[in-house]
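By convention here, the first residue in the shown sequence is residue 1.
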Amino acid sequence: MLVSRSFLFSPINKLTVFSQSQPQHTRLLLQSHRIHTMAAEAATTNTSNTTAKAAAMDFLTKKVYTPPPWASHINPIPSHTFSLGHLPTPIHKWNLPNLPPNTEVWLKRDDLSGMQLSGNKVRKLEFLMADAVEKGADCIVTIGGIQSNHCRATAVAAKYLNLDCYLILRTSRVLVDQDPGLTGNLLVERLVGAHIDLISKEEYAKIGSGVLTNLLKEKLLKEGRRPYVIPVGGSNSLGTWGYIEAIREIEEQLQSGIDKVKFDDIVVACGSGGTVAGLSLASWLSSSKAKVNAFSVCDDPDYFYDYVQGLLDGLEAGVDSRNIVDIQNAKGLGYAINTSEEINFVKEIAATTGIVLDPVYSGKAAYGMMKDMAENPKKWEGRKVLFIHTGGLLGLYDKVEQMAPLLGNWRRMDVNESVPRIDGLGKMF
């Protein structure tokens with residue numbers, strides 16, 4: 001919920017005291033204002049409750065899709081969508097330290113789009129899974145890193161819809177012949193019964209994700225299956241609609257919220273390109289007009305400008321990617337590899353603001369944003385920034401050894417010997 005900090009009139013609530021010394025017409029005016037305020041609050045509450053109940057009943061249902069009016073000329077328009085995410089996700093102020101003067105950062109909590117099926121991938125999968133079902137698929141094939149949030153989300157979404165899921169996971173050469181274990185995303189994937197094929201990073205680099213998924217697809221076809229292939233990160237032109245729709249959601253939230261905020265900038269991690277393509281195109285087309293700043297966590301900006309352009313061309317958008325998004329390099333040592341400074345940053349942000357960032361995507365993007373703000377404060381001064389938290393909490397479990405030295409705030413409780421001890425007094429639940 002967006003929280004107001006200023007009112008045109010002083011807020012009047014149910015505990016307002018009316019002084020008998022006030023003129024009668026003033027008391028009547030205040031009483032009338034109170035009655036109307038209470039009625040409006042009740043109507044808003046009832047509407048919110050009705051909307052929440054309707055959204056709960058819509059979960060896992062397939063619906064005909066109608067695009068936002070400002071995106072109705074994009075081609076092709078998806079025919080259906082599946083309700084997979086807990087949407088809309090909240091927006092709230094993010095009290096980051098050491099911001100440039102008069103700069104505000106707000107947070108769009110796409111990390112709260114679900115539990116097993118959480119993060120930004122959910123929005124893409126709502127369109128991709130609807131297409132898979134529409135085309136009669138009985139299984140899903142996709143690919144990613146060993147701790148891929150996308151692969152975990154896809155495995156869960158597939159099982160929700162009674163489809164099998166086949167994952168190709170990229171790992172190190174020394175581990176490719178070993179059981180991948182049950183850390184983080186792998187635990188969820190294996191719990192929901194996903195079939196896992198491991199490939200070394202070296203083979204992946206030489207063969208490519210497209211060829212690898214096609215090889216598995218052909219194998220499944222020969223076995224009589226009906227596979228549907230989803231690319232890395234769900235980032236194709238169809239998946240891009242997930243974040244076109246997210247801009248409509250943000251617009252509606254801002255229009256209905258108490259704080260009438262208009263964002264100057266949107267900041268997000270860039271890992272496969274689809275989220276950035278959707279956000280930047282929709283922001284450009286809609287009334288938002290916020291500048292999209294993407295921080296790439298792998299490859300380099302030129303690669304992503306070209307990849308995003310391909311997605312835009314696939315939607316016949318007629319726009320140059322370099323005109324609608326600014327992409328900066330934030331990969332550091334490489335994809336899913338963190339410096340001690342990045343890990344410490346994630347820890348400090350959690351300890352300071354309560355927001356837990358994942359180390360692979362949002363952690364690197366936020367680190368890049370704060371570094372840029374420190375180095376170029378005039379660029380950000382006085383701007384209202386919306387940071388998209390794209391989830392990935394389970395990826396933290398793969399970083400426990402690197403984080404352990406930073407998290408030493410524990411001790412054995414010191415209970416004086418004089419405190420009475422009686423066997424059986426403390427009930428063990």
Side-chain angles (χ1 to χ4, degrees), residues 111 116-122 124-125 140-158 165-190 192 194-213 215-216 229-236 239 269-276 295-300 303-304 307 329-339 342-343 346 357-365 390-402:
D111 58 317
Q116 311 109 269
L117 187 55
S118 64
N120 63 322
K121 313 305 181 185
V122 179
K124 303 175 187 181
L125 288 168
I140 305 294
V141 173
T142 196
I143 188 168
I146 193 68
Q147 282 295 331
S148 168
N149 300 309
H150 160 70
C151 287
R152 178 258 307 153
T154 302
V156 173
C165 187
Y166 292 81
L167 305 177
I168 303 172
L169 300 181
R170 182 182 64 247
T171 188
S172 69
R173 182 171 49 200
V174 296
L175 298 176
V176 73
D177 293 313
Q178 300 178 26
D179 186 309
L182 299 172
T183 299
N185 288 300
L186 282 162
L187 175 60
V188 176
E189 291 160 358
R190 298 180 77 174
V192 299
H195 304 269
I196 295 174
D197 283 308
L198 299 178
I199 190 81
S200 72
K201 294 176 182 178
E202 290 77 12
E203 287 181 296
Y204 182 98
K206 292 177 181 178
I207 300 171
S209 63
V211 173
L212 289 168
T213 51
L215 286 172
L216 183 51
V229 175
I230 295 176
V232 173
S235 290
N236 57 15
C270 180
S272 58
T275 297
V276 169
F295 288 85
S296 62
V297 301
C298 55
D299 296 295
D300 55 60
Y303 167 83
F304 280 114
Y307 192 86
N329 196 330
K331 68 179 179 182
L333 296 176
Y335 178 74
I337 304 172
N338 293 103
T339 64
E342 288 169 350
I343 290 293
V346 169
L357 300 168
D358 82 289
V360 179
Y361 296 98
S362 290
K364 287 198 175 191
T390 52
L393 178 63
L394 289 171
L396 275 172
Y397 291 92
D398 198 43
K399 303 290 182 179
V400 291
E401 289 186 10
Q402 200 171 353

Separation between CD (Q178) and OG (S172), nearest 0.5 Å, reads 8.0 Å
In this structure, CZ of F304 is separated from SG of C298 (nearest 0.5 Å) by 4.0 Å
L394 meets the side chain to side chain contact (heavy atoms under 4.5 Å, CB included) criterion, sequence neighbours left out, with R152, N185, V188, Y397
Closest heavy-atom pair, V176 versus S200, reported as atoms and distance to 0.1 Å, is CG2-N, 3.6 Å
Worksheet item: Checking side chain to side chain contact (heavy atoms under 4.5 Å, CB included) for the pair I146/L198: CA distance, chi angles, key distance, verdict?
Response: CA-CA 8 Å; I146 193 68; L198 299 178; 3.9 Å; yes
Flag the pair P231 / T213 as yes when at least one side-chain heavy-atom distance between them is below 4.5 Å, and no otherwise. no
Could you check whether any side-chain heavy atom of L169 comes within less than 4.5 Å of a side-chain heavy atom of L186, counting everything from C-beta outward?
yes
By side chain to side chain contact (heavy atoms under 4.5 Å, CB included), V360 pairs with (sequence neighbours left out) Y335, A336, D358
Of all heavy-atom pairs linking Y204 and S209, the shortest is OH-CB, 3.4 Å
Is the closest side-chain heavy-atom distance between I343 and P359 below 4.5 Å? yes
Hits for side chain to side chain donor-acceptor pair (under 3.5 Å) against E342, two or more places apart or cross-chain, chain-then-number order -> N338
Residue set satisfying side chain to side chain donor-acceptor pair (under 3.5 Å) with S148, at least two apart, ordered chain then number -> none
Discussion item. Checking Q147 against T183 for the side chain to side chain contact (heavy atoms under 4.5 Å, CB included) test, could you report, in this order, the C-alpha distance in whole Å, the side-chain angles of both residues, the deciding distance, and whether it holds?
Written reply: CA-CA 8 Å; Q147 282 295 331; T183 299; 4.1 Å; yes
dist K364:NZ -> L333:CG (nearest 0.5 Å) comes out at 6.5 Å
Those residues at least two apart in sequence (or on a different chain) that pass side chain to side chain donor-acceptor pair (under 3.5 Å) with D179 are R190
All heavy atoms of C165 vs all of A158, minimum pair found to be CB-CB, 3.9 Å
Does some side-chain heavy atom of Y361 sit less than 4.5 Å from a side-chain heavy atom of N120?
no
Across all chains, not counting sequence neighbours, the side chain to side chain donor-acceptor pair (under 3.5 Å) partners of K331 are none
- request: Give a yes or no answer on whether the side chain of K124 reaches the backbone of G233 with a donor-acceptor pair at less than 3.5 Å.
  value: yes
Distance col, row L216:CG vs I168:CD1, nearest 0.5 angstrom, shows 4.5 Å
Residue set satisfying side chain to side chain contact (heavy atoms under 4.5 Å, CB included) with L215, at least two apart, ordered chain then number -> V211
SG of C270 to OH of Y307, rounded to nearest 0.5 Å, is 10.5 Å
Q.
Has S235 got a side-chain atom pairing as donor or acceptor with G274's backbone, closer than 3.5 angstrom?
A. yes
Close side-chain approach of I140 and I230, heavy atoms under 4.5 Å: yes
Residues G144 and C151: closest non-hydrogen pair is N-SG, 3.6 Å
D299 meets the salt bridge (Lys or Arg N to Asp or Glu O under 4.0 Å) criterion, sequence neighbours left out, with none
Residues passing the ring-ring contact (aromatic ring centres under 6.0 Å, His included) test with Y166, sequence neighbours excluded, are H195
Using a distance-only test with no angle check, is there a side-chain donor-acceptor pair under 3.5 angstrom linking T142 and H150? yes
By side chain to side chain contact (heavy atoms under 4.5 Å, CB included), A153 pairs with (sequence neighbours left out) L117, K121, L125
